[in-house]
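Chain letters run A, B, ... following the sequence lines, proteins first and then strands; every chain starts at 1.
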Amino acid sequence: GAVVSQHPSRVICKSGTSVKIECRSLDFQATTMFWYRQFPKKSLMLMATSNEGSKATYEQGVEKDKFLINHASLTLSTLTVTSAHPEDSSFYICSASTSGLYEQYFGPGTRLTVT
Amino acid sequence: AQTVTQSQPEMSVQEAETVTLSCTYDTSESDYYLFWYKQPPSRQMILVIRQEAYKQQNATENRFSVNFQKAAKSFSLKISDSQLGDAAMYFCAYRSATSGTYKYIFGTGTRLKVLA
């Protein structure tokens with residue numbers, strides 16, 4: 001099956017700093033990538049959808065200036081959490097899909113802790 | 001707007017037995033896809049099975065099968081011969097086939113415990 005990687009798997013940062021999370025599709029070209037946030041014992045909450053070469057579409061309530069998403073190539077999308085605060089601590093998951101695939105393939109997730 | 005409901009927050013099954021996880025959804029669309037994903041403690045989301053709405057035949061993948069009832073908007077997952085490795089959170093997901101986006105609508109999940 002299609003493989004999606006995420007880096008880093010865990011990151012700790014200080015309040016007020018920014019942190020970047022990378023999502024890569026390793027064996028297919030991802031025309032669309034998704035970023036989710038997951039709280040403990042909860043479902044995945046879609047933050048934004050990004051299409052290669054165009055601006056991301058953010059879900060209602062997600063601050064686009066705080067969660068910067070870039071999808072510059074068909075294999076890489078990045079999520080930058082700017083001026084992170086403790087309430088941004090969470091598990092962030094990316095997924096990827098492409099035309100011809102019905103399903104999304106998920107990365108292993110990134111645990112972000114803001115101290 | 002579409003919604004997905006998983007009414008069982010938690011289920012338990014004895015090893016080697018069969019368990020069914022329920023999922024209902026609401027949509028006005030006629031063409032869509034449905035999925036079951038497994039999220040073990042590692043938190044890696046794994047696709048278990050998918051169903052195209054236009055197909056009447058229920059999807060099967062080894063020990064996993066679905067009961068897709070389009071009129072009732074029901075999409076349950078049956079796990080046969082349950083194994084300890086099946087213990088995980090299971091999420092049901094809906095995706096429109098016509099909206100132009102591949103966005104999923106997820107249910108709230110069912111935690112499956114497998115008892116030895």
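Proximity to chain B is limited to the backbone of A:Thr98, based on heavy atoms less than 4.5 angstrom apart. Using a 4.5 Å cut-off between heavy atoms, B:Tyr104 touches chain A through backbone and side chain atoms alike. For a residue to count as touching a neighbouring chain, one of its non-hydrogen atoms must lie under 4.5 Å from one of that chain's; by this rule A:Leu44 touches chain B with backbone and side chain alike.
Under a 4.0 Å N-O distance rule, the pair A:Glu103/B:Arg95 does not qualify as a salt bridge.
The number of heavy-atom neighbours closer than 6.0 Å to NZ of B:Lys78, taken from other residues, nucleotides and ligands shown, is 12 or below. Crowding of B:Lys103 atom NZ: a count of heavy atoms from other residues, nucleotides or ligands under 6.0 Å not exceeding 12. Residue A:Lys66 places its NZ atom among more than 12 non-hydrogen atoms of other residues, nucleotides or ligands, all under 6.0 Å distant. By the 6.0 Å contact criterion, CD on B:Gln56 is open, its count of non-hydrogen atoms from other residues, nucleotides or ligands being 12 or less.
Residues B:Arg43 and A:Gln38 bring a donor and an acceptor atom of their side chains to less than 3.5 Å of each other.
Under the 4.5 Å side-chain heavy-atom criterion for ILVMFWY residues, a single connected hydrophobic cluster contains both B:Leu112 and B:Leu77. A:Ile21 and A:Leu68 end up in different hydrophobic clusters when Ile, Leu, Val, Met, Phe, Trp and Tyr side chains are linked at under 4.5 Å. Residues B:Phe75 and B:Ile105 fall within the same hydrophobic cluster, defined by Ile, Leu, Val, Met, Phe, Trp and Tyr side chains chained together at heavy-atom separations under 4.5 Å. Transitive grouping of hydrophobic side chains (ILVMFWY, heavy atoms separated by less than 4.5 Å) keeps A:Leu46 and A:Phe67 in distinct clusters.
Taking non-hydrogen atoms and a 4.5 Å limit, the residue list of residues 70-93 of chain A in contact with chain B, ordered by number, reads A:Phe91, A:Ile93. At a heavy-atom cut-off of under 4.5 Å, chain B is reached by A:Phe106, A:Gly107, A:Pro108, A:Arg111 from residues 106-115 of chain A, listed in order of number. At a heavy-atom cut-off of under 4.5 Å, chain B is reached by A:Thr31, A:Thr32, A:Phe34, A:Tyr36 from residues 30-37 of chain A, listed in order of number.
Residues forming a salt bridge (Lys or Arg N to Asp or Glu O under 4.0 Å) with B:Lys55 (at least two apart in sequence, or on another chain): B:Glu52.
Considering NZ of A:Lys41 and CE of B:Met89, their distance stands at 9.5 Å, rounded to 0.5 Å.
Put simply, the side chain of A:Ser43 gets close to the backbone of B:Gly107: a donor and an acceptor are under 3.5 Å apart.
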Take A:Met45 and B:Phe106 through the side-chain contact (heavy atoms from CB on, under 4.5 Å) test and state the conclusion after the steps. CA-CA 8 Å; A:Met45 182 187 79; B:Phe106 277 104; over 6 Å; no
